[in-house]
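Okay, structure first, notes after.
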Amino acid sequence: MPAERVITAAEAVRETLAQALRDRPEVFLLGEGVADPTGIFGTTKGLVDEFGPDRVVEMPVAENGLTGIAIGSALMGRRPVMTHQRVDFALLSLEQLFNAAAKSSYVTNGRHRVPLTVRMVIGRGWGQGPQHSQSLEALFAHIPGLKVVMPSTPYEFKGLLHAAIDDDNPVIFIEHRWLHYVSGPVPPERYAIALSGPRLVEQGSKATVVANSYMVLEAIRASAALAGVGCPIDVIDLRVLRPFDPTLILESVRRTGKLVVCDTGWRLFGIGSEIIATVAERAFDALKKPVARIGLPDHPTPSSLALAETYYPGSGDIIDAVGKLCDLPAAAVSAARAEVVAARRGIPIDKPDPAFKGPF
Amino acid sequence: MPAERVITAAEAVRETLAQALRDRPEVFLLGEGVADPTGIFGTTKGLVDEFGPDRVVEMPVAENGLTGIAIGSALMGRRPVMTHQRVDFALLSLEQLFNAAAKSSYVTNGRHRVPLTVRMVIGRGWGQGPQHSQSLEALFAHIPGLKVVMPSTPYEFKGLLHAAIDDDNPVIFIEHRWLHYVSGPVPPERYAIALSGPRLVEQGSKATVVANSYMVLEAIRASAALAGVGCPIDVIDLRVLRPFDPTLILESVRRTGKLVVCDTGWRLFGIGSEIIATVAERAFDALKKPVARIGLPDHPTPSSLALAETYYPGSGDIIDAVGKLCDLPAAAVSAARAEVVAARRGIPIDKPDPAFKGPF
Amino acid sequence: MVTGLKASPGIALDPSLATNLFREMLRIRMIEEEIAKRYRDEKMRCPVHLSIGQEAVPVGISAVLRRSDQVVSTHRCHAHYLAKGGDLRAMLCELMGRAEGCCGGRGGSMHLFDPSVGMLLSLPIVAASIPIGVGAALALKQAKRDDVAVVYLGDASVEEGVFHESANFSAVHRLPVVFVCENNLYSVYTSLEERQPPRPIADLARGHGLHAVAVDGNDVVAVQRAASDAVRRARSGSGPAFIEAATYRWREHCGPNFDNTLGYRSEAEFEDWKRRDPLEFLARHLTEHGALNETQRADLAAEITAEIAAAFTYAEAAPYPAPDTAEHHLYAG
Amino acid sequence: MVTGLKASPGIALDPSLATNLFREMLRIRMIEEEIAKRYRDEKMRCPVHLSIGQEAVPVGISAVLRRSDQVVSTHRCHAHYLAKGGDLRAMLCELMGRAEGCCGGRGGSMHLFDPSVGMLLSLPIVAASIPIGVGAALALKQAKRDDVAVVYLGDASVEEGVFHESANFSAVHRLPVVFVCENNLYSVYTSLEERQPPRPIADLARGHGLHAVAVDGNDVVAVQRAASDAVRRARSGSGPAFIEAATYRWREHCGPNFDNTLGYRSEAEFEDWKRRDPLEFLARHLTEHGALNETQRADLAAEITAEIAAAFTYAEAAPYPAPDTAEHHLYAG
Ligand SMILES: Cc1ncc(C[n+]2csc(CCOP(=O)(O)OP(=O)(O)O)c2C)c(N)n1
Ligand SMILES: Cc1ncc(C[n+]2csc(CCOP(=O)(O)OP(=O)(O)O)c2C)c(N)n1
Ligand SMILES: [Mg+2]
Ligand SMILES: [Mg+2]
């Protein structure tokens with residue numbers, strides 16, 4: 001068997017977009033910078049040369065209007081893939097997304113379809129400050145009629161993005177910018193991963209850790225360290241937030257009896273809240289311990305590295321939470337923690353962790 | 001002692017606004033229809049005659065821009081009170097509210113204040129359809145830096161609105177349109193209710209029911225019927241969603257061991273999810289049963305009465321949920337249910353329940 | 001040939017075409033009047049925004065459209081839907097929340113649409129359908145169709161930023177779209193002067209480099225002429241155009257009643273506009289030119305009355321959607 | 001009196017005023033150059049958007065402003081902040097994330113503000129500060145102050161609907177606001193022609209009924225003259241004005257480098273604009289009129305170099321905020 005091809009998530013996105021543009025004449029890209037020389041963190045780079053400016057459409061800085069335009073074109077059978085370089089900008093377009101796109105199929109009794117994909121980049125680092133670093137998935141997850149996807153590995157980026165573009169519904173595709181640098185095996189051919197729920201990343205028995213997007217990497221690292229101290233855990237990548245399918249999570253908690261949720265965004269009224277609520281409703285009797293929540297503290301992102309250092313939770317916090325739920329001895333927790341700290345090699349938290357480059 | 005004065009919530013809002021306009025020259029109202037002859041469901045009616053068009057400012061249909069304008073004026077020391085006749089329109093203004101207003105104090109290290117109140121009307125009924133009937137409090141509750149208030153009775157409308165206007169932060173003040181018709185005792189003089197958490201509406205011991213806005217009335221009715229069958233419950237009016245203070249809820253659950261949450265908006269990724277998550281984290285050991293959630297099902301509001309009839313949960317659903325958690329005999333549940341059904345006197349669910357007129 | 005219609009000098013109008021325009025306007029008027037009359041029965045359990053007084057605009061526009069041209073509309077969509085060929089029964093069923101409504105009863109009066117005649121959609125959020133219409137134009141262009149998109153908008157919707165974002169994009173890409181602004185002077189109870197500075201609305205479109213004209217929106221022939229020019233431009237690839245049509249709503253903003261007693265507009269203003277009734281305006285000229293007499297008019301009215309009565313009877317007997325279908329179609333496919 | 005500056009015929013300019021304008025531009029240029037030079041040290045750990053090449057606009061505008069006039073700005077705010085009298089140390093501390101930064105290190109380079117000199121705020125979201133500036137003007141009017149608000153915006157921000165919503169409201173209420181559009185032809189790597197139709201940006205403002213002029217934004221005297229007129233109008237209650245100032249950014253959109261090699265703009269275009277360097281443009285005329293010689297210029301530069309060096313030394317030694325203060329000030333009061 002030939003060695004698997006390893007590429008970054010950014011390359012996986014670019015390849016997916018190129019395949020979709022090639023396969024389906026109704027697909028087109030729309031976004032600020034989508035046709036510029038840097039191409040949205042490289043994810044659309046050069047595509048305008050192959051497909052031309054009618055398929056790779058540069059847009060004015062007008063997020064709301066262009067979202068409506070994308071919706072209108074989708075109603076007419078086109079398949080726009082829109083990109084916002086930061087989710088913070090997409091706030092301008094929520095009226096169109098929530099009122100028009102999300103409700104189109106429903107209000108027309110299924111006669112309208114809006115095959116629209118909206119890529120929104122979230123992220124952190126390098127002093128971006130409060131208005132350039134948010135992770136707002138909880139807003140989208142609340143709205144019936146949207147699909148909401150958060151890939152983690154390059155393999156997921158490609159398969160889920162193909163599925164999103166193939167889908168006849170508005171799909172919010174949330175990409176963590178630091179994940180763009182992550183590499184992993186990605187088959188060159190076209191494949192789709194159904195937009196239908198979480199995946200089990202690691203199987204253990206001591207506790208269930210549910211994470212999304214970037215926090216999946218932190219959970220994987222924590223899991224390795226915890227396994228090293230005799231505490232293997234389930235790691236679940238939430239992956240598809242909407243439609244929300246908790247089956248795998250409920251199954252896992254029924255096995256482990258312990259639940260830790262990790263949000264990439266704010267903890268309060270966040271994604272983790274729903275996961276906990278669902279478990280407390282439907283697998284309550286399996287729960288042996290109070291649930292634990294990890295996520296951003298309840299304030300905006302400060303720009304200064306000195307303040308951001310405590311802002312972002314990581315694998316250390318996951319280890320602590322699992323350690324507590326599983327009554328691990330203090331020495332085991334410290335050993336696991338020491339391992340993840342060492343892996344980071346002192347890189348400041350405003351730069352991507354080199355150990356997270358993969359392959360994943 | 002003289003009889004207490006009884007007025008509707010709409011009148012209470014109007015009185016509050018008039019008092020604020022009179023007391024503080026920096027207060028002004030801004031909104032579509034704020035100075036028109038009907039005055040936002042009567043809540044601003046005639047105020048332009050007393051205070052003039054510079055204090056009661058009619059606005060173009062431009063929710064985003066005018067929100068920014070309100071924020072700018074607030075930064076300069078004015079106290080704008082903005083009104084959206086429907087929360088659905090406010091979706092246009094989230095960039096300003098979430099990026100600018102919510103982060104102003106934080107990003108300036110406390111040097112900027114945004115004493116802005118934004119009234120947003122939610123509601124239901126009379127075939128409003130999917131884009132004119134949403135209850136989007138969960139979106140606002142997720143954003144640090146906002147305060148989010150949902151009054152229930154006329155007394156709360158007045159006291160909380162005074163507090164909102166007096167507050168130096170952006171306050172999202174969410175008014176259910178049907179609550180405008182509700183009457184109750186309201187002292188004529190100025191008073192403020194601190195924006196600091198829920199209130200205990202009914203005290204029982206069998207279960208804790210936490211509700212917000214309109215669902216508080218449904219909970220009160222359910223509580224009366226349940227008391228009649230020997231199952232008195234705690235009813236908690238969430239009231240202030242942000243800053244989120246669960247103390248009272250945790251105390252109550254520690255007493256009752258059973259929790260039902262009732263959302264006015266969508267259940268999934270909703271307000272109730274956070275309440276459950278907080279309880280599962282912090283009062284897990286007190287919980288004797290799985291939690292129960294009531295709220296809107298996971299689809300948009302249909303216009304047709306035939307479809308809306310099953311859309312809105314009510315006191316009957318609360319009775320069912322409590323009955324199940326408390327192992328009430330089927331006969332008791334039916335009796336309680338029969339009582340609330342009778343109270344509605346067959347009024348179709350697209351019209352306000354006359355029995356909910358109060359006084360409350 | 002009927003010539004010399006006063007407000008539209010130089011227009012030569014085919015009498016049968018003119019009579020058709022009149023019939024279309026009369027039909028819309030009578031449907032709206034019947035809705036107003038029956039609204040109190042509480043069978044139409046949703047808000048209604050009537051177009052009585054504004055019939056000339058959609059009739060003049062639709063006169064130059066093909067079935068495959070795409071139209072988007074607003075909360076005040078009845079007339080746009082009917083003029084584009086929307087099905088009356090499906091509309092009334094929708095207003096009454098019946099399964100055969102164009103939205104299966106899910107949308108109510110502000111969501112009228114009919115894909116079979118190019119009525120793409122209506123939306124109740126002010127200005128929200130504007131970019132969607134421009135998006136339809138983009139799709140038409142991408143698909144190399146020579147159809148056009150027509151975007152109806154009220155005078156208030158040019159206050160929303162999204163109008164400008166849409167106009168700008170349509171100009172950059174020279175999209176086949178015609179913006180039709182029904183300027184009825186009010187947004188609910190708020191007059192134009194309270195909301196916009198004193199400059200013609202068409203100036204906004206010109207600022208974006210759009211071809212823009214202002215017409216008497218109660219003169220169906222003037223509207224048709226402007227539409228014909230704008231649509232020809234759009235269809236031939238010369239880019240977007242904007243038509244500002246001055247008109248007036250007779251009834252209250254939302255609902256079946258008159259509301260001048262509220263005092264937000266003067267009785268004199270109202271009477272002045274009633275004198276400029278688009279139907280009577282055309283009827284007078286048709287009559288003067290011998291193209292319409294009392295009998296013909298009565299015949300038209302009788303025919304329409306029968307159609308309306310039948311449609312109401314049909315809709316009132318039509319079944320409601322089954323409650324357990326309420327959760328269907330959250331997602332397409 | 002220095003007279004006859006070529007690009008601004010008929011303007012009589014006081015030599016000491018002109019020298020001041022030159023000094024201000026030079027100071028901003030040198031500060032920005034120093035930031036660019038030191039950026040690689042990774043002490044300024046946040047995005048930076050430099051104004052090198054665009055100095056004439058804020059300097060010309062600020063020349064006619066009072067301290068109590070209010071300014072709002074964008075992501076590209078360094079020059080606006082400095083020209084309005086913002087504190088250099090507080091700015092550098094902010095870029096370095098120190099406690100003494102104007103935001104206590106919480107905002108970084110795109111949130112510069114200084115209430116003590118009327119620098120109300122800067123925001124990193126395109127066009128977001130536009131309505132906020134208009135709101136400041138509303139407050140000024142409500143408080144019956146005769147100060148004005150100045151809203152800086154880039155050429156891309158007129159594409160955002162909120163610009164239009166803000167312009168419309170300012171026109172309806174005749175607010176004391178001056179919009180200053182720095183048209184540097186690009187939004188990141190995307191040229192104006194890809195984003196807007198071929199019409200002057202000032203036409204958009206005119207569409208809203210605003211008084212609008214276009215000036216050479218690299219001619220500080222022309223900018224100052226336009227500003228003087230616009231501010232006089234606004235201050236005297238004659239309503240809002242719009243100034244489109246043509247200028248050019250020399251370095252990359254975000255960061256310290258040059259980026260012409262990317263190919264989104266031509267070397268010839270870049271060189272052409274460099275020849276129109278706003279500093280050298282004014283310097284030439286000052287020199288020609290005997291108001292600036294090499295020694296004077298060297299003295300100015302030396303003085304500024306010393307100031308900048310001291311400010312960097314100060315900022316680099318300044319303490320970071322304590323980590324446990326990260327959660328402070330979520331709410332005011
Ligand atoms: C974004 C938004 N804001 C406010 C409203 C409430 N509203 C409904 S219709 C209307 C008036 C619109 O006026 P215009 O565009 O002139 O249309 P007309 O009703 O006069 O036909 C308003 C403000 C809305 N539906 N959407
Ligand atoms: C709403 C929004 N969309 C996109 C961006 C990304 N962005 C940052 S600066 C910029 C270019 C703005 O161009 P212009 O207004 O001309 O200012 P310039 O950078 O040329 O000074 C863009 C698109 C943003 N910050 N906000
Ligand atoms: Mg109107
Ligand atoms: Mg620019």
Side-chain angles (χ1 to χ4, degrees), chain A residues 25-28 30 53-55 57-80 82 92-93 95-96 98-116 143-147 166-171 195 242-243, chain C residues 70 72 94 99-108 110-111 113-115 120-121 123-125 127-143 145 147 149 151 160-173 175 177 321 325-333:
Chain A
E26 65 275 23
V27 170
F28 70 100
L30 183 67
D54 289 342
R55 306 283 307 282
V57 184
E58 197 49 71
M59 70 179 233
V61 185
E63 289 79 1
N64 190 32
L66 271 291
T67 301
I69 288 168
I71 293 168
S73 77
L75 288 173
M76 297 287 293
R78 317 303 295 176
R79 294 191 170 268
M82 189 172 187
L92 286 161
S93 65
E95 192 285 310
Q96 286 290 336
F98 292 3
N99 285 336
K103 295 171 176 58
S104 244
S105 169
Y106 188 84
V107 74
T108 63
N109 213 8
R111 293 171 81 192
H112 268 167
R113 335 195 129 198
V114 180
L116 163 68
I143 306 297
L146 297 180
K147 296 193 175 183
D166 289 342
D167 203 284
D168 277 341
N169 295 282
V171 181
L195 302 185
R242 190 169 254 289
Chain C
Q70 300 293 317
V72 299
E94 189 58 36
E100 285 174 56
C102 53
C103 299
R106 289 154 173 243
M110 302 189 283
H111 285 275
F113 83 120
D114 187 343
L120 185 61
L121 100 180
L123 291 180
I125 303 290
S129 53
I130 299 175
I132 291 180
V134 172
L138 176 65
L140 293 171
K141 192 181 174 200
Q142 288 182 338
R145 282 168 56 175
D147 294 320
V151 174
E160 288 284 5
V162 77
F163 162 71
H164 297 276
E165 300 180 1
S166 305
N168 178 61
F169 188 81
S170 75
V172 177
H173 290 270
L175 297 182
V177 57
T325 62
E327 61 188 33
H328 293 182
H329 301 302
L330 174 59
Y331 293 109

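First the proteins, then the strands, lettered A, B, ... as listed; each starts at 1. Quick caveat, the model's predicted, so the values are computed rather than measured.
For the pair A/K147 and C/Y331, the cation-pi test (distance below 6.0 Å, angle within 45°) is passed.
Counting heavy-atom pairs under 4.5 Å between each of C/G107, C/A128, C/A127 and chain A puts C/A128 at the top. Of the listed residues (C/H111, C/R106, C/E94), the greatest number of heavy-atom pairs within a distance under 4.5 Å of chain A belongs to C/R106. Between chain C and the options A/P170, A/G145, A/G110, heavy-atom pairs under 4.5 Å are most frequent for A/G145. Options C/V134, C/I125, C/L121 differ in how many heavy-atom pairs under 4.5 Å they form with chain A, and the most are formed by C/I125. Between chain A and the residues C/C102, C/G133, C/G105, C/S166, the most heavy-atom pairs under 4.5 angstrom are made by C/C102. Chain A forms more heavy-atom pairs under 4.5 Å with one residue of C/G161, C/G101, C/S129, C/A139 than with any other, namely C/A139.
In summary, A/D167 and A/R79 do not engage in a salt bridge, as defined by a charged side-chain N under 4.0 Å from a carboxylate O.
Without hydrogens or angle criteria, A/E26 side chain to A/R78 main chain gives no donor-acceptor distance under 3.5 Å.
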Query - From CA spacing to verdict: side-chain contact (heavy atoms from CB on, under 4.5 Å), A/S104, A/L75 - result: CA-CA 9 Å; A/S104 244; A/L75 288 173; 4.0 Å; yes
Query - Stepwise side-chain contact (heavy atoms from CB on, under 4.5 Å) check, A/V57 with C/H173 - result: CA-CA 10 Å; A/V57 184; C/H173 290 270; 4.0 Å; yes
Requested in this report: Apply side-chain contact (heavy atoms from CB on, under 4.5 Å) to A/L66 and A/M82, showing your working.
Outcome: CA-CA 9 Å; A/L66 271 291; A/M82 189 172 187; 3.8 Å; yes
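Using a 4.5 Å cut-off on side-chain heavy atoms (C-beta onward), A/P144 and A/R242 make contact. You'll find the side chain of A/I71 reaches within 4.5 Å of the side chain of A/L116, heavy atoms only.
For chain A, no part of C/H164 is nearby; none of its heavy atoms comes within less than 4.5 Å. Using a 4.5 Å cut-off between heavy atoms, C/L140 contacts chain A through its side chain alone, with no backbone atom that close. Of the atoms belonging to C/A143, heavy atoms from both backbone and side chain fall under 4.5 Å from chain A. Contact of A/L146 with chain C is made through the backbone alone, with heavy-atom distances under 4.5 Å. Heavy atoms of A/N64 lying under 4.5 Å from chain C belong to its backbone as well as its side chain. Contact annotation for C/E160: neither backbone nor side-chain heavy atoms come within less than 4.5 Å of a heavy atom of chain A. In this structure, the portion of C/L138 lying under 4.5 Å from any heavy atom of chain A is its side chain and not its backbone. For C/H328, the part sitting under 4.5 Å from any heavy atom of chain A is the backbone (N, CA, C, O) and nothing else. Looking at A/D54, only its backbone comes within 4.5 Å of chain C, counting heavy atoms on both sides.
The heavy-atom pair separating C/P321 from C/A99 by the smallest distance is CD-N, 3.5 Å.
Within 6.0 Å of CD on C/E327 lie no more than 12 heavy atoms contributed by other residues, nucleotides or ligands.
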